[in-house]
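Take a look at the structure set out below.
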Amino acid sequence: MALNEQQLQRRESLTKLRALGIDPYPPEEFPITGTSKQLKAQFDESPEEHLEVSFAGRIMVRRIQGKASFAVLQDEVGRIQIYLNRDEICPTEDKTYYNDVFKKLLDIGDIIGVKGHMFKTQTGETSIHVKSYTILCKSLNPLPMPKEVDGKTFDAFTDPEARYRMRYVDLLVNPKVKQTFIARTKTIRSMRNFLENKGYLEVETPILQSIPGGAAARPFITHHNALDIPLYLRIANELYLKRLIVGGFEGVFEFAKDFRNEGMDKTHNPEFTQMELYVAYKDYKWMMNTTEEMLRSICLEVTGSEVLRFGDVEIDFSKPFERLPIFEGIKRYTGHDLTGKSEDEVRAIAKELHVPVDETMGLGKLIDEIFGEKCEHHLIQPTFLMDYPVEMSPLTKKHRDNPALTERFELIINKKEMANCYSELNDPIDQRERFEDQVKLLERGDDEGMFLDQDFLRALEYGMPPTSGIGIGIDRLVMLLTNNESIQEVLFFPQMRPEKVTQPDSNDKFTAIGVPEEWVDHLKEMGFITVNILRKEDNAGKLSQTLNGYRKKKKLEIKALSPQDVETWLG
RNA sequence: GAUUCAGUAGCUCAGCUGGUAGAGCAUUUCCCUUUUAAGGAAGUGGUCCUGGGUUCGAGUCCCAGCUGGAUCACCA
């Protein structure tokens, strides 16, 4: 990457600092007496006391007023203004530390430590009166400069691509982003506390699996060299947690990063987080109550209220969640009762409703399509959508009242699937048959079919108690709680197509076309990192001037270049 | 994967039917000892995403590509 003017200036400042004997990246610790928030609170509590402080932060604003200066330092929790006076910073005749170092060699984005005392300015802002400062880190790239006036932000750093690729910059200049990720951590902590208080055990299960099971999704595949076998990144941890239930644990959960090799959009990232919970001797009805209780308390802990604003809708966790059998939902929103209807009858109804269907769709898929097209968008408030057709749920117990259905629910909030729960199938013979059906799907080329996991079946044959299990999409829950429309906003580093970077040519390649050795590194510094980039310059006169200008500016002790020299490089 | 919109200075953005590339902030220089939407004055800074094409002339029009966003498809 070619360095721009500001980057070159900062590098120059760096060498000047070193020339002054200042280490721009010192190794010593810099002890502080408090965060920006603490120092301000401490002073404001008893402003009459002389409060000596030590503080470190990143320079975000600088206002130089001749012999006095103000700056704003930012730490993890906020910002604090500092005041510097030339003759206090430099009590002797030597004013370098103020006139040169502070005013010229420091930049917005640099990290400094300051010592001084707290005071209030004439305009009433609690600030640090600095007696001495230490450079802790010189920053070589300029930060974007959003301005905030009366809570309104101007010139905000908004380009999504830049924000996601350079989350570190995003976090520095967009305070809301930091709040989102703090809320994410709070959400997970709140859920973990809830589950631990219930007595369930947090466990870890394999991420590298030789049989990717527990969901229908395309996996990422990798290879283990020593065993010389393919391994898959897990798409779910369901089958492992159930093995633990077989092994005698009665409540286990895991916050699991899962990986699915599918498309990406506002609600899907190739790696995402799911919390899966399995509890023995329970059914899906029990799980509805538990889920409801858990989400209500998480919402309260994270947002301070059981009622949540998301965009322009209000989502109420305080009331009991609706429990809506899928057939009832369809009846409510389309007027058609599908109970007991055959595949052909349902297909005809779908066509009548203008739901796009084709002949390959089975009964389960048809019902799912109708619901998705005609009903799902009505479900804003938390709703347990329950009793799915058996075809779509190969790991779920058949419904106690209707063998065509399963004991399964999905939790829908604001039109989005948040959680998926079953009364887990524990009949090993039934499970084997359902796996075999899935294998047939695979053999037909349906890449969503499930693999047959012999060891899991063997475990079930030893006997798994009746169990209810749930998977909750953590990313989507955090989106909801933080009022974010996109999953990329709740992942620190969402998946992006890799940036293309040009690898610099070796120095040999430059000397081979006649560039003097002492010039090569400087050319690279100026952005001519490959011979091809250099040769894009067609005006040797202009190029030699540019290079000599750089030589002069940096006061380089090397030979100046003639246009003829440069002409030969360009070939 | 399809459609569509976008890509111009470090950041946020203007740029008309094609005619020499603009602003604010940042940055540089000078002045200023309590400022705070950064005080005054003067400057610097651009492969207009890339590559082709049309044209006397392309940031602007056409084609292809790259990257991102949105919508759709896919996603138990």
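No experiment lies behind these values; they were computed from the predicted model shown. Reminder, nothing fancy here: chain letters follow the sequence lines and each chain counts from 1.
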Taking pairing as Watson-Crick or G-U wobble with both contacts under 3.5 Å, can you name the mate of B:U71, or confirm there isn't one? B:A2
Does [X] place a side-chain N or O at less than 4.0 Å from the phosphate oxygens OP1/OP2 of [N]?
X      : N     : answer
A:R63  : B:G39 : no
A:R165 : B:G68 : yes
A:K104 : B:U27 : no
A:R86  : B:U33 : no

Less than 4.0 Å between a side-chain N and a carboxylate O, is that true for A:E88 and A:K131? no
Is the closest basic N to carboxylate O distance between A:E424 and A:K242 below 4.0 Å? yes
Compare the minimum distances between each of [options] and the side chain of [X], then state the nucleotide with the smallest one.
X      : options             : result
A:R260 : B:G69, B:A76, B:U33 : B:A76
A:K266 : B:U35, B:C25, B:U71 : B:U71
A:E161 : B:G10, B:G68, B:U12 : B:G68
A:R497 : B:U12, B:A76, B:G68 : B:G68
A:E5   : B:A76, B:U33, B:G45 : B:G45
A:I108 : B:G45, B:U27, B:U34 : B:U27
A:H129 : B:G45, B:U34, B:A73 : B:U34
A:F119 : B:G68, B:U34, B:U33 : B:U34

Mind checking [X] for me? I need base, sugar-phosphate or nothing, with any heavy atom below 4.0 Å counting as a touch.
X      : result
A:F272 : nothing
A:T121 : base
A:R79  : nothing
A:T158 : sugar-phosphate
A:Q488 : sugar-phosphate
A:N141 : nothing
A:E489 : nothing
A:I64  : base
A:Y83  : base

Under 3.5 Å between N/O atoms: give me all the protein pairs with nucleotides 4-9 of chain B, atom names plus distance.
none

Separation of atom [atom1] in [X] from atom [atom2] in [N], rounded to whole Å:
X      : N     : atom1 : atom2 : value
A:R163 : B:U67 : CZ    : C1'   : 17 Å
A:N99  : B:U29 : CG    : P     : 12 Å
A:R62  : B:U33 : CZ    : C1'   : 17 Å
A:D159 : B:U67 : CG    : C1'   : 10 Å
A:F70  : B:U33 : CZ    : C1'   : 9 Å
A:Q274 : B:A76 : CD    : C1'   : 10 Å
A:D265 : B:C72 : CG    : P     : 9 Å
A:I128 : B:U34 : CD1   : C1'   : 16 Å

Write down the distance separating the [atom1] atoms in [N] and [M], rounded off to the nearest Å.
N     : M     : atom1 : result
B:G15 : B:U28 : P     : 30 Å
B:G18 : B:G57 : P     : 15 Å
B:C49 : B:A42 : P     : 31 Å

Quiz item: cation-pi between A:R86 and A:Y98, 6.0 Å / 45°: no
Assess A:R243 against A:Y240: is NZ or CZ under 6.0 Å from the centre of the six-membered ring, and within 45 degrees of the ring's axis? yes
Can [X] and [Y] be counted as having a side-chain donor-acceptor contact under 3.5 angstrom?
X      : Y      : result
A:S36  : A:D75  : yes
A:Q274 : A:R476 : no
A:N237 : A:E254 : yes
A:T406 : A:K398 : no

Tightest non-hydrogen contact, residues A:H399 and A:Y284, listed as NE2-OH, 3.3 Å
Looking only at heavy atoms, which two atoms of A:P212 and A:I235 are closest? And how far apart? O-CD1, 4.1 Å
